[in-house]
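Written out below as structure tokens is the structure these notes cover.
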Amino acid sequence: MPATQSAKVGGDWYDAFLQPSGMTMLVIGDVVGHDIEAAAAMGQLRGLLRGIAAYSDAGPAEVLRGLDRAMDVLQVSTLATASVARFEQTPEERRDGLTRMVWSNAGHLPPVVVHEDGRIAVLSDRRSNLLLGVDPSTTRTERSVVLGRGSTILLFTDGLVERRASNLDDDLVRLQDAVADLAGATLDELCDGLVGRLVDGRNDDDIALVAVRLHPQDTPPTT
């Protein structure tokens, strides 16, 4: 969802694709700035990241490290946050109805998980890695969480939650409350409901929101 003012259009983006190994990779990011230059840089970073991930078949941390190096070599002089998640599964995990989400976070807001039993978890890490474009030699780290069928994963940019005269902890609590109120909703209803409750047409920043739900693997996926 673009900002309500055209001058605020910027560099939010998301992506989802399969790697050669068959793993699903999910990306969300935000280029610093609110102008045409930020939007153009976003297009560059989105394409670079997808190419690096498709060629290397690497995990999230290595993909972000490769993007940082590519930005340095190609002199893409911008700063950006990004969160990259990969959904992995061994044959044993598939049998048991489990999926591992491995993710790496370059200064971005933390993913939020709604477990199949309704528990809501903010996958925060106060030691979040540096933004992209700061130091191409920085170390990128990964974390993982095991998820059951029916779990929902939310990735989003700051336009969804951040408000003036508020802090990040309060912003994330407000998000969790809205998610709890929408328990049992389809993915479309969840996304529309979150935007409606948290923004209600008053967004002064771009918003990107991605929701993924792990469906039972013995039946076709549904919304």
Side-chain angles (χ1 to χ4, degrees), residues 12-30 42-74 76 80-116 121 123-125 127-133 136-157 187 208-223:
D12 292 30
W13 92 90
Y14 69 91
D15 206 352
F17 51 88
L18 292 178
Q19 291 183 285
S21 58
M23 304 295 183
T24 298
M25 184 160 276
L26 194 65
V27 182
I28 196 156
D30 188 1
M42 175 270 289
Q44 286 184 288
L45 297 190
R46 185 178 186 272
L48 280 171
L49 190 150
R50 176 178 270 238
I52 291 166
Y55 174 76
S56 68
D57 203 21
E62 181 61 18
V63 168
L64 285 173
R65 189 186 75 85
L67 179 57
D68 236 347
R69 294 295 298 273
M71 290 171 64
D72 182 55
V73 171
L74 299 175
V76 181
T81 67
S83 188
V84 178
R86 185 163 81 164
F87 297 91
E88 304 178 353
Q89 191 178 56
T90 64
E92 293 77 19
E93 288 168 334
R94 181 183 177 93
R95 179 198 63 205
D96 296 336
L98 301 174
T99 297
R100 277 174 297 111
M101 186 182 83
V102 180
W103 81 95
S104 186
N105 201 341
H108 199 78
L109 291 169
V112 170
V113 168
V114 185
H115 291 279
E116 65 274 21
L123 304 182
S124 60
D125 185 350
R127 297 168 296 175
S128 178
N129 296 171
L130 283 175
L131 279 71
L132 295 162
S137 65
T138 191
T139 300
R140 298 284 173 194
T141 60
E142 290 178 345
R143 295 177 62 195
S144 65
V145 60
V146 177
L147 304 171
R149 302 295 94 196
S151 297
T152 302
I153 301 92
L154 299 172
L155 300 180
F156 47 92
T157 54
L187 286 184
L209 168 63
V210 180
V212 172
R213 181 163 292 158
L214 302 180
H215 65 87
Q217 289 175 283
D218 57 350
T219 59
T222 65
T223 57

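Below, each value reflects all heavy atoms present in this structure, side chains not excepted, and no hydrogens, waters or symmetry copies. All of these numbers come straight from a predicted model, not from anything done at the bench.
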- Item | From CA spacing to verdict: side chain to side chain contact (heavy atoms under 4.5 Å, CB included), L123, V113 | CA-CA 7 Å; L123 304 182; V113 168; 3.6 Å; yes
- Message: Under the criterion side chain to side chain contact (heavy atoms under 4.5 Å, CB included), I'd like the reasoning laid out for V210 against I153: C-alpha separation, chi angles, the key distance, then a yes or no.
- Response: CA-CA 8 Å; V210 180; I153 301 92; over 6 Å; no
- Item | Residue list, salt bridge (Lys or Arg N to Asp or Glu O under 4.0 Å) with E142, at least two apart or on another chain | none
- Note on the structure: By salt bridge (Lys or Arg N to Asp or Glu O under 4.0 Å), E88 pairs with (sequence neighbours left out) R86, R100
Nearest heavy-atom neighbours spanning [X] and [Y]:
| X | Y | value |
| --- | --- | --- |
| A54 | P20 | O-CG, 3.1 Å |
| F87 | M23 | O-SD, 3.5 Å |
| S83 | L155 | OG-CD2, 4.4 Å |
| A82 | L132 | CB-CD1, 3.8 Å |
| S151 | E116 | OG-OE1, 3.0 Å |
| F156 | V112 | CE2-CG2, 3.8 Å |

Check whether any side-chain N or O of [X] sits under 3.5 Å from a backbone N or O of [Y] as a donor-acceptor pair, and report yes or no.
| X | Y | answer |
| --- | --- | --- |
| R140 | L130 | yes |
| S104 | T141 | yes |
| Q217 | G97 | no |
| D30 | A80 | no |

- Should we count OH of Y14 as having more than 12 external heavy atoms under 6.0 Å? no
- Task: For Y55, look at atom OH and say whether over 12 heavy atoms of other residues, nucleotides or ligands are found less than 6.0 Å away.
- Result: no
- Please check if any side-chain donor atom of D12 sits under 3.5 Å from a side-chain acceptor atom of T157, or the reverse.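 Result is yes, a qualifying pair exists.
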- R65 vs E62, salt bridge (charged side-chain N to carboxylate O under 4.0 Å, His left out): CA-CA, chis, key distance, verdict: CA-CA 5 Å; R65 189 186 75 85; E62 181 61 18; 2.8 Å; yes
- Item | 4.5 Å side-chain heavy-atom contact, T138 and D68 |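 They are in contact (side-chain heavy atoms under 4.5 Å apart), so the answer is yes.
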- Query: Do L98 and Q89 touch side chain to side chain, with heavy atoms closer than 4.5 Å?
  - Reply: no
Gap between atom [atom2] of [Y] and atom [atom1] of [X] - 0.5 Å precision:
| X | Y | atom1 | atom2 | result |
| --- | --- | --- | --- | --- |
| N129 | N105 | CG | CG | 7.5 Å |
| D15 | L45 | CG | CG | 12.0 Å |
| L147 | L214 | CG | CG | 6.0 Å |
| L64 | L49 | CG | CG | 6.0 Å |

- Test log, rule side chain to side chain contact (heavy atoms under 4.5 Å, CB included), inputs V212 and L187: CA-CA 8 Å; V212 172; L187 286 184; 6.0 Å; no
- Message: Does W103 form a side chain to side chain contact (heavy atoms under 4.5 Å, CB included) with V145? I'd like the steps, not just the answer.
- Response: CA-CA 9 Å; W103 81 95; V145 60; 3.9 Å; yes
- Query: Could you give all pairs that pass the salt bridge (charged side-chain N to carboxylate O under 4.0 Å, His left out) test and reach residues 147-157, with sequence neighbours left out?
  - Reply: none
- Sort out for me which residue in V27, L48, V76 forms a side chain to side chain contact (heavy atoms under 4.5 Å, CB included) with L67.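 With L67 as partner, side chain to side chain contact (heavy atoms under 4.5 Å, CB included) holds for just one option, L48.
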